[in-house]
Protein chains: 2
Amino acid sequence: MSDTSFAYAQVRQAISHQIVEQKLTGSLPSERELCAKYDVARSTLRQALGQLENMGLIYRKNRSGWYVCPRKLKYDPMQHTSFLQYTTAQGFQPSTKLVEQKKQKPCKEIASALTLDGRTSLTSILRVRSVDGRAVVVEELNFSNKHLPNIDKHDLSLSISVLLKNTYHHHNVLYDISVESCCLFNPIAQYLNTYDGALGLKVTRIVRDLDGTAFEFDREYWRHDALMIENKAKLHF
Amino acid sequence: MSDTSFAYAQVRQAISHQIVEQKLTGSLPSERELCAKYDVARSTLRQALGQLENMGLIYRKNRSGWYVCPRKLKYDPMQHTSFLQYTTAQGFQPSTKLVEQKKQKPCKEIASALTLDGRTSLTSILRVRSVDGRAVVVEELNFSNKHLPNIDKHDLSLSISVLLKNTYHHHNVLYDISVESCCLFNPIAQYLNTYDGALGLKVTRIVRDLDGTAFEFDREYWRHDALMIENKAKLHF
DNA sequence: GCTCAATTTTGGTACGGACCAAAATTATGC
DNA sequence: GCATAATTTTGGTCCGTACCAAAATTGAGC
């Protein structure tokens, strides 16, 4: 399947085997132990561990150790099922923590996407969502005050889709989603208990009403190893 | 925005600045030159370059050097526009190379997804697609011979959607797509002119007819830095 | 000018050592 | 028992060196 000519590839292979065969669960032995076991230098071992991390097989807790990744969460950004709903349906214990709420001016990207000038204000919230006690995504939600009057007066720690539906009567909306590979930097990396420069997946969402007027701009920063994006659609050639 | 306390973060910051300001285009100076410029060891420099690579800002050609990434291709796996079409629409020069075509038995995953037993045969093709001369994705397409009789008798280097439409009259199909972060190993890494263990994005597609019967199973291995997934949908709460 | 061999440059792999900060553990004092 | 302090373990950062294979460049010969 893959190269085994190099030391790091052999170590990677050996550990990945143990993980997929479930002979290795929970935490890995310390790096120095693994160095001794596979008879490689620490830098070589860390090269192997880094690739296993990229594969989504293991992750690290800062200065504590390496751990086998739990199974990935399946997530459909196009579906409007709530986080609570789709996580519990997959047998996870979800939790959400509202980190920050503020009213601010839009950045360039948001102003352009929501066709706002620089003076219009946004209501922004930042929240961290976890499954089984492991932080997996940082969400930054931005609502246009112009299109959603007094949105900042509501309790945004509750369900936002309910708020949009009941208060603003947005029953039908258009979604523009984009997904790309990214790096997670501080402070976002810290919220996810990972390191500055860790690998992530960035999901961007623009929400519009049926006229095409955009009123919400979201950025989601996911742990790359926590997420599998799924999507079903009917196609017409 | 991000940590600058460490040497590798400072180097990363400095180079990323130069790139986004377009003061650095084409190829980067050699690693040893950069070491001298930023006064760091080569391992530290390579840590910074690795993160810039994860950010999708730079990539490497084997033993040749580091290069600034071209802009990303926008791709909607749910849309059935052809590769030719959406690449040229974005100003890229696409090309496709059929690497291999064979008739084989399905692996476990495919047999399960297409609800085939181990004896049913698949017609599989492997192709590499490039934009502007840069290989960006390896596609492995698997067609069920049972559901698409004599598919192996056709020229599969031509447009497959046209074939499905005209010969097999599949005008409406269902798509199950999944996207996740992955590692690219040989031989796929080699087709993409990258290294064993490089970062990638894996797109899996199951195609069904309107009865829900699956007849095609595809795996796409993308360079992580070449791709931005985009998707539009109409939602109903 | 062109071809092909020799040379240099380049990144890729691998080693070893060193120091640090934070986490985890152990020992201490009450 | 329990909170607290001291100690050990752990990964995180950083350095320097060495050697190799492949790519890129240079040089020799025609």
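Owing to the predicted nature of the structure, the values given are computational and were not obtained by experimental measurement. Just so it is clear: chains get the letters A, B, ... in the order the sequence lines come, proteins before strands, and each one is counted from 1. Just the heavy atoms: all of them, side chains too, but no hydrogens, waters or symmetry mates, feed the values below.
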Query - Nearest-Å distance for atom pair CD1/P, residues B:I58 and C:dG11 - result: 11 Å

Report task. Output the single nucleotide from D:dG12, C:dG11, C:dA14 whose closest atom is nearest the side chain of A:F6. Result -> C:dA14

Query raised in the report: Base, sugar-phosphate, or nothing for B:S43, non-hydrogen atoms under 4.0 angstrom?
Result: base

**Report entry** Partner set under side-chain hydrogen bond (donor to acceptor under 3.5 Å, both in side chains) for B:S64, not counting sequence neighbours
**Finding:** B:Y67

Query raised in the report: How close or far is atom P of D:dG12 from atom CD of B:Q10, stated in whole angstroms?
Result: 20 Å

Query raised in the report: Between A:K61 (NZ) and C:dA24 (C1'), how many Å, whole number?
Result: 12 Å

Requested in this report: Could you check how far CG of B:D196 sits from P of C:dT13, rounded to whole Å?
Outcome: 9 Å

Report task. Return no unless some side-chain N or O of A:S64 is found under 4.0 Å from OP1 or OP2 of D:dT10. Result -> no

Query raised in the report: With respect to the phosphate group of C:dG11, does any side-chain polar atom (N or O) of B:R42 fall under 4.0 Å of OP1 or OP2?
Result: no

Query - Closest to side chain of B:A41, choosing from D:dC15, C:dA21, C:dT10 - result: D:dC15

**Report entry** Atom pair distance, as rounded to whole Å: OH in A:Y67 and P in C:dA23
**Finding:** 11 Å

Query raised in the report: Do any N or O atoms from the side chain of A:Q90 and from the backbone of A:K74 form a donor-acceptor pair under 3.5 angstrom?
Result: yes

Requested in this report: Could you pull out the closest heavy-atom pair between B:L114 and B:L122, with the gap in Å?
Outcome: CD1-CD2, 4.0 Å

Requested in this report: Nearest whole angstrom, please: distance from the P of C:dG16 to the CZ of A:R32.
Outcome: 14 Å

Query raised in the report: Salt bridge check: are A:R60 and A:E31 linked by an N-O gap of less than 4.0 Å?
Result: no

**Report entry** Options D:dA21, D:dT13, D:dG12, nucleotide nearest the side-chain atoms of A:N62
**Finding:** D:dG12

Report task. Taking only the side-chain nitrogens and oxygens of A:T44, find out if one of them lies under 4.0 Å from OP1 or OP2 of C:dT13. Result -> no

Query raised in the report: Which whole-number value in Å describes the distance from A:Y38 OH to C:dT13 P?
Result: 19 Å

Query raised in the report: Which is true for B:Y195 with a 4.0 Å heavy-atom rule: it touches a base, it touches only sugar-phosphate, or it touches nothing?
Result: nothing

Query raised in the report: At under 4.0 Å, does any side-chain N or O of B:R46 touch on OP1 or OP2 of C:dG12?
Result: yes

Query raised in the report: Quick one: A:N193 CG to D:dG12 P, roughly how many Å, whole number?
Result: 13 Å

Requested in this report: Apply side-chain hydrogen bond (donor to acceptor under 3.5 Å, both in side chains) to B:Y86 and B:E230, showing your working.
Outcome: CA-CA 12 Å; B:Y86 67 80; B:E230 294 214 331; over 6 Å; no

